[in-house]
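Indexing begins at 1, ligand by ligand and atom by atom, following the structure's order.
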Amino acid sequence: MTHVLTIRDLNVEFIHRGKVTNRPVRGIDLDVSAGEILGLVGETGCGKSLTGLAALGILPRGARRTGQVTMGGDPLQPSSEPDGPAAIVFQNPGTAFNPVFTLGRQLSDVLSRHREISRSESKSEVLRHLGLVGLPDPERVYLSYPHQLSGGMLQRAMIAMALLRQPRLLILDEPTTALDVTVARQILVLIDELRQKFGFGVLLISHNLGIIRDVCDRVAVLYAGRVIETGTVDAVMNNPRHPYTRGLLGALPAGRTNGERLNAIPGSVPGNFLSITGCAFMNRCPHAVIDCSLTDPLLNRNGSDQAVACIKEDEL
Ligand SMILES: Nc1ncnc2c1ncn2[C@@H]1O[C@H](COP(=O)(O)OP(=O)(O)OP(=O)(O)O)[C@@H](O)[C@H]1O
């Protein structure tokens, strides 16, 4: 299958007065194929959003990216605005749009930045895309200001805006976190339908393993800026091998009966990853041994589709 996104040895560093102060993304490799959804999952502060942003070259002030990012073999240039082959949809659709312009104006602007197009053509393209994402009255949405629409409608409009770029890759950063459960489910179904229809690849960033399990084909589990386990969703969910992945799955409420305690992973993600030596999860891991402090384990594929970064992998 063609890779629409290939990331090799991606690092993000924060620099202050010439010194590296943090390295929240540490040597990440990822591949997203055409038509597939790759989930990127981990607790808050693990580096998920920065990975997505760095892939597109959009970084906060003071951050630097190293490593290779290619789309269909072409290096993806860092730019202040995602363009061409990739588009990104953020978590909070309520703040993603400019409140003083209609949605029609904002979506048309995207289109006219990308190609020469007449005003009437632009309007009909925008209306078509608003229809494609399941908005029932595209004309009304076109004339609406952001505050006149619900969160779910705005998220659909954000997806329409992304589709106007005809992306080969869509990065969705917690696209349903700000939405209620039923609307969130509708948005996930929509994403699944659209990738099948248009064949773009999706990098779906979420802290919620339940969402990843329901919609993704493959998953990469991130901890302290590193991928610690990756594979098909079936393999990783049915046979998690890294203690962190097991901890995340153990904390899922699904399948528990009334009154049964939820398992929580003790401790929290380190606030800064710069001084990490050895395995970053060691202090929270029930299986840690002295050797875990000596080696920063790399992903070991063992020739299978599932890979895990843990020196005790064979014993667990
Ligand atoms: N602008 C910034 N300046 C300095 N450090 C930052 C900045 N943004 C992020 N970081 C650091 O990078 C780490 C990873 O942040 P990131 O937002 O990628 O995590 P995340 O996994 O997406 O978390 P969340 O789910 O809460 O968005 C953070 O813990 C923080 O230490």
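Checked by distance only, ligand 1 and Phe273 stay at 3.5 Å or farther apart across all their nitrogen or oxygen atoms. Geometrically, ligand 1 and Gly47 share a nitrogen or oxygen pair separated by less than 3.5 Å.
Atoms of ligand 1 found under 4.0 Å from any heavy atom of Gly271 (numbered from 1 in listed order, with element): 31 (O). Close approach of ligand 1 to Glu43 is summarised as follows: ligand atoms under 4.0 Å from at least one heavy atom of the residue are 21 (O). Heavy-atom proximity to Lys48, at under 4.0 Å, picks out these atoms of ligand 1: 18 (O), 19 (O), 20 (P), 21 (O), 22 (O), 23 (O), 25 (O). Residue Gly45 approaches ligand 1 through these ligand atoms, each under 4.0 Å from one of its heavy atoms: 13 (C), 14 (C), 19 (O), 20 (P), 21 (O), 23 (O), 24 (P), 26 (O), 29 (O). Of all atoms in ligand 1, listed by their number and element, those nearer than 4.0 Å to a heavy atom of Pro60 are 1 (N).
The residues Asp109 and Arg105 are annotated as salt-bridged, a charged nitrogen and a carboxylate oxygen being separated by less than 4.0 angstrom. The residues Glu36 and Arg218 are annotated as salt-bridged, a charged nitrogen and a carboxylate oxygen being separated by less than 4.0 angstrom. Here Asp314 does not pair with Arg241 in a salt bridge; the nearest charged N to carboxylate O distance is not below 4.0 Å. At a threshold of 4.0 Å, the pair Glu139-Lys123 counts as salt-bridged, since one of the basic side-chain nitrogens sits closer than that to a carboxylate oxygen. Remark: Lys312 does not engage Asp291 in a salt bridge, criterion side-chain N to carboxylate O under 4.0 Å.
For the residue pair Thr182/Asp180, the side-chain donor-acceptor check at 3.5 Å is satisfied.
Counting only non-hydrogen atoms, the option in Leu59, Leu222, Thr44, Leu50 that gets closest to atom 26 (O) of ligand 1 is Thr44.
In this structure, Gly27 and Arg226 approach most closely via the heavy-atom pair O-NH1, 4.4 Å. Between Leu107 and Leu164, the shortest heavy-atom distance links the atoms O-CD1, 3.6 Å.
In terms of hydrophobic clustering, with Ile, Leu, Val, Met, Phe, Trp and Tyr side chains grouped at heavy-atom distances under 4.5 Å, Leu56 and Leu222 are assigned to a common cluster.
Asn22 ND2, 4.4 Å is the protein heavy atom nearest to atom 30 (C) of ligand 1. Ranking the protein heavy atoms by distance from atom 3 (N) of ligand 1 puts Phe14 CE2, 3.4 Å first. For atom 13 (C) of ligand 1, the closest non-hydrogen atom of the protein is Pro24 CB, 3.7 Å.
Ligand 1 lies out of reach of Gly42, whose nearest heavy atom is not under 4.0 Å from it.
Of all the heavy atoms of Ser49, the ones lying under 4.0 Å from any atom of ligand 1 are found in both the backbone and the side chain.
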